[in-house]
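Structure first, commentary second.
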Amino acid sequence: MSNENPNTPAVEPNDFIRETVRQDIASGKYKVPVTRFPPEPNGYLHIGHAKSICLNFGIAREFGGQCNLRMDDTNPTKEEVEYVDSITTDVKWLIDGWADHCFGLKPAGKTPDAQTVNGKKDFFLPAIVGSHSSLVEPFYASDYFDQIYEWAVELVKRGKAYVCDLSPEETEAYRGAPDKPGKDSPFRNRSIEESLDLFTRMKNGEFPDGKRTLRSKIDMASPNIWLRDPLLYRIRHSAHHHTGDKWCIYPMYDFAHCLSDYIEGITHSICTLEFEVHRPLYDWILENLDLPRPLPHQYEFAKLIPSYTIVSKRKLIQLVNDKVVTGWDDPRMPTISGIRRRGVPASALRSFAIGVGVTKFISLTDMAVFDHAIREDLNKRALRRLAVLRPLKLTITNLFPHHYEELDAVNNPEDPGTGTRKIPFGNTLYIEHDDFMESPPPKFFRLKPGGEVRLKYAYIIKCDEVVKDASGKVVELRCTADLDSKSGGATSGRKIKGTIHWVSAQHAIDVEARLYDRLFTVPEPDAEGDFKANLNPHSLEVVTAKCEPSLVDASPDLRYQFERLGYFTLDSDSDIEPPTPSQRKLVLNRTITLKDTWAKIEKKQ
RNA sequence: UGCCUCGUAGUGUAAUGGUAGCACAACUGACUCUGGAUCAGUUUGUCUAGGUUCGAGUCCUAGCGAGGCAGCCA
C-alpha cells in the first residue's frame with residue numbers, strides 16, 4: 001500500500017513556530033533546523049503525540065533539516081523497554097514515505113564525544129539521518145548521564161548549584177506558593193568544596209533516596225516557581241531500563257532536557273504549553289555553563305485534545321489494565337498503534353495532525369475532523385467489495401435454483417486503473433437486513449413489499465412476498481427480477497431510486513467483522529466525574545458477515561470498502577497463511593463507516 | 001491575592017495596520033447502479049470598553065473570561 005497521501009496539500013503549513021524557524025534560517029542563526037521528538041517511554045504514543053511528531057518532522061522536511069527521536073528517560077521507576085520499542089515502531093510508521101529521509105537516529109550504543117571547541121570543553125552527538133540500517137537506534141537522554149553529571153559538577157564549581165539536605169516535605173515548604181516568595185535553604189550557602197564532596201557521595205550511593213538533592217542556586221523569591229532553586233538531581237536507588245544499575249542519582253527533566261537538546265545540536269526545542277513556565281530555567285541552565293556551540297531554544301504550542309476520547313496516559317493505562325479494551329493497540333484506543341490496527345493509513349493521520357494547525361490556544365478538536373481525514377484518504381485508495389453484515393435471505397423466483405453467472409464489478413470508481421473483477425450471482429442471495437422495511441417511512445428508497453430496487457451490478461428486482469417465521473420475524477424475501485435490466489442490458493436505464501448491495505448465498509464466505517464505534521459517548525469524557533461512566537457500551541459489535549469470495553485473498557496491506565457500509569481492513573487476528581484458502585479465518589476491522597445520510601433522515605423522522 | 005499564556009462562525013484555523021477567508025459540522029439543491037464520492041449554494045464570527053490611526057481582528061490601556069505554574073514526574 002502506498003503511504004503517500006493522495007491529497008497532499010498544495011500549500012505547506014505555516015504557523016508561529018515555522019515563522020520563527022524561517023527567520024532563524026534567513027538570519028543565519030542556524031544553518032538548518034534540528035528538531036526532536038522526545039517522548040518518555042512510560043506509555044504508548046497516542047493521537048496527541050502524532051501532532052507533535054508531524055510538527056517536528058514537518059519542520060525538518062520543509063526546511064531541509066532533521067528530527068531526532070529521543071527517549072526522554074530520566075526517571076527509572078516509570079520507564080520500560082516495551083515502550084521504547086512501541087514508540088520507535090509508531091514513529092517509523094507515521095513518518096514512513098513522508099519524512100523518513102530526515103529521521104535522525106544514532107549509531108547503536110554510541111554516546112557523546114568529548115571535544116574542545118573554541119578552547120572550551122564540549123559534548124556533541126550528531127545524528128545519522130535517513131538511515132534504514134539496523135545499526136542505528138533512537139537517542140536516549142540516559143546516554144548523556146555522564147555528560148550531564150559533569151555539567152552538574154561544573155555548576156557547583158561556579159557557585160551556581162549546591163547540595164541541599166532538606167527533606168521532600170521541607171523543600172516543598174521552603175518553596176513558598178505562587179503568590180508567596182520562598183525561603184532560602186539553610187544549605188544554600190555551604191561551601192563549594194562541601195557540595196562537591198556531597199554530590200560525589202550521592203553519586204557513590206552513600207545516601208538513601210530523598211536524603212539529599214542537587215539544587216540550582218537562582219532566586220527563592222522569583223515570581224516564577226521554577227526559578228526558586230529547582231532540583232537538578234535526586235537520589236533513586238533504582239535500576240534503569242537503559243543504563244542498568246550504573247546510576248543511583250538521576251537528573252530531573254529540566255536539567256536533562258535542555259542539555260540533551262544541546263548535545264544533539266537541536267536548534268528548536270518544541271514542547272507543549274505546560275512547559276512555558278519552565279523556559280526561563282531551560283535558558284538559565286544553558287547560559288550558565290559557557291557552552292561553545294549555538295544554544296537551542298524552546299517553543300511551546302497547545303497540545304491536541306480530541307473529542308470523544310481521552311489521551312491521559314494514566315487513564316489510557318487504566319483502560320488496558322481493567323481490560324475495558326484488549327490492549328494498547330485495541331482499535332478503539334486513541335493510541336497510534338490502535339489507530340493503525342483499526343486500519344487508518346498513516347497519511348490520513350498525518351493529514352489530520354497537520355490540518356488542525358499549531359497555536360497557543362487550548363482547544364477541543366472535533367473527532368469529526370479526523371473521521372473526515374480518514375474517509376477522504378480511504379475513499380481514494382480502498383478497493384470496493386460487496387459484503388453483507390446482517391444477512392437477509394432473498395430468493396429470485398424467476399431464476400432457476402442452479403442459475404449462475406458472473407458479473408463485472410468495479411474495484412474503485414475513484415481509480416479506474418484498479419480495473420474490475422467478477423462476482424458470482426445466483427438465484428439465492430443475502431441482502432442487508434436494514435435494506436428492507438415492511439412499512440417504511442417516507443423517503444425510504446430501498447426494498448419494501450411490492451417495491452423495486454436495483455441490485456448493484458445486477459438486476460432490478462421487485463419484492464413479491466415476505467416470509468416470516470413463527471415469531472413474526474422476516475426471514476426471507478421472494479422477488480422477481482427484471483431480466484432485461486442487468487447492468488448494460490435493455491432496460492438497464494430504468495430509473496430506480498434505490499441500489500442495494502448483496503452477495504450470492506452459495507458463494508459467500510464468512511468473515512468475522514468487528515464493528516468499532518467511538519469509545520465514549522460524550523465529547524469530553526474526563527471533563528468531570530469518573531471518565532469510565534462515559535464509556536460507550538456499543539463501542540464494539542462483532543458479527544459474522546457474508547462477503548463476496550474475492551475476499552479470501554484479503555491482504556493486510558490493502559484497504560477495503562464494503563459498499564454502502566464502510567471501510568474495513570484485515571486484522572492481525574486473521575490467518576495470514578492458512579493450509580488452504582477455504583480454511584482461512586478472516587477478521588476484518590471496520591475502520592470507519594461511510595457517511596450515512598439515511599441515518600440522519602431517519603433520526604429526524 | 002503572584003507570575004505566565006490565550007480569547008476570530010457550532011468546532012478548529014487564516015488574515016504579519018488595508019475587502020474577515022478556509023476546513024470540518026449543519027442545512028439546500030444538482031448528479032449518482034454506493035443515501036458514498038463529486039459539484040453548486042446557504043447559515044453562523046473578531047470577549048467588552050476606551051484610546052492611537054485616514055483605516056484596528058491586528059498596536060496601546062483597562063476590564064471580563066479561560067488555562068498553566070507550588071512532583072525529589074515528564
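Predicted model only: the values in this text are computed from it and were never measured. When reading the values below, keep in mind they use all heavy atoms of this one structure, side chains included, and skip hydrogens, waters and symmetry mates. In the text below, chain A, chain B and the rest are named by the order of the sequence lines, each starting its count at 1.
Side-chain N/O atoms of A:E300 and base N/O atoms of B:U5 include no donor-acceptor pair closer than 3.5 Å. Interface remark: the A:E276 side chain does not form any donor-acceptor pair with the B:G67 base, using a distance-only criterion of under 3.5 Å. Side-chain N/O atoms of A:R446 and base N/O atoms of B:G35 include a donor-acceptor pair closer than 3.5 Å.
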### Message
Working note: A:R279 + A:E300, criterion salt bridge (charged side-chain N to carboxylate O under 4.0 Å, His left out); need CA distance, chi angles, decisive distance, verdict.
### Response
CA-CA 9 Å; A:R279 196 194 323 143; A:E300 310 87 13; 2.7 Å; yes
### Query
For A:Y282 and A:D261, what are the C-alpha separation, side-chain angles and deciding distance, and is it a side chain to side chain donor-acceptor pair (under 3.5 Å)?
CA-CA 10 Å; A:Y282 183 103; A:D261 284 344; 2.7 Å; yes
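Base orientation of B:G65: anti (glycosidic angle beyond 90° from 0).
Distances shown here put a side-chain N or O of A:K604 below 4.0 Å from the OP1 or OP2 atom of B:C27. Residue A:K595 has no polar side-chain atom (N or O) positioned under 4.0 Å from OP1 or OP2 of B:G35. Contact annotation: A:R564 reaches the phosphate of B:G35 (side-chain N/O to OP1 or OP2, under 4.0 Å). Phosphate proximity of B:C72 to A:R175: present, with a side-chain N or O under 4.0 Å from OP1 or OP2.
A:R36 and A:H257 are linked by a side-chain donor-acceptor pair at a separation below 3.5 angstrom, with hydrogens and angles left out of the test. Defined by atom type and a distance below 3.5 Å, a donor-acceptor pair is missing between the side-chain atoms of A:T213 and A:R234.
Comparing A:N14 and A:A368, the nucleotide of RNA chain B nearest to each residue sits closer to the 5' end for A:N14. Mapping A:L166 and A:I500 onto RNA chain B by nearest heavy atom places A:I500 at the nucleotide closer to the 5' end.
Within 4.0 Å (heavy atoms only), A:V277 reaches at least one base atom of the nucleic acid. A:R384 comes within 4.0 angstrom of a nucleotide base, judged by non-hydrogen atoms across all strands. Among the protein residues, A:P39 comes within range of no part of the nucleic acid, since none of its heavy atoms lies under 4.0 Å from any strand. Backbone-only engagement by A:S363 is indicated by non-hydrogen atom pairs under 4.0 Å involving sugar-phosphate atoms exclusively. If you check every strand for non-hydrogen atoms under 4.0 Å, A:Y253 touches a base. At a threshold of 4.0 angstrom between heavy atoms, the contacts of A:K456 include nucleobase atoms, whether or not backbone atoms are also involved. Residue contacts shown for A:K486 include a base, since a base heavy atom lies under 4.0 Å away. Residue contacts shown for A:F445 include a base, since a base heavy atom lies under 4.0 Å away. Among the protein residues, A:T74 comes within range of the sugar-phosphate backbone only, with heavy atoms under 4.0 Å from sugar or phosphate atoms but none that close to a base. Within 4.0 Å of A:E414, counting heavy atoms only, lies at least one base atom of the nucleic acid. Note on A:L231: a base of the nucleic acid sits closer than 4.0 angstrom, heavy atoms only.
Applying the Watson-Crick and G-U wobble criteria (two distances, each under 3.5 Å), B:A66 pairs with B:U5. Base pairing of B:G18 is made with B:C54, judged by Watson-Crick or G-U wobble geometry with both donor-acceptor distances under 3.5 Å. Nucleotide B:U44 forms no Watson-Crick or G-U wobble pair with any nucleotide shown, as no partner meets the under 3.5 Å limit on both distances.
Relative to the side chain of A:K600, the nucleotides B:U5, B:C27, B:G2 differ in distance, and B:C27 lies closest. Which of B:U13, B:A74, B:U28 sits closest to the side chain of A:D72 comes down to B:A74.
The distance from the CZ atom of A:R390 to the CD atom of A:E432 is 6.5 Å, given to the nearest 0.5 Å.
Residues A:L45 and A:F37 have side chains in contact (heavy-atom distance under 4.5 Å, counting atoms from C-beta outward).
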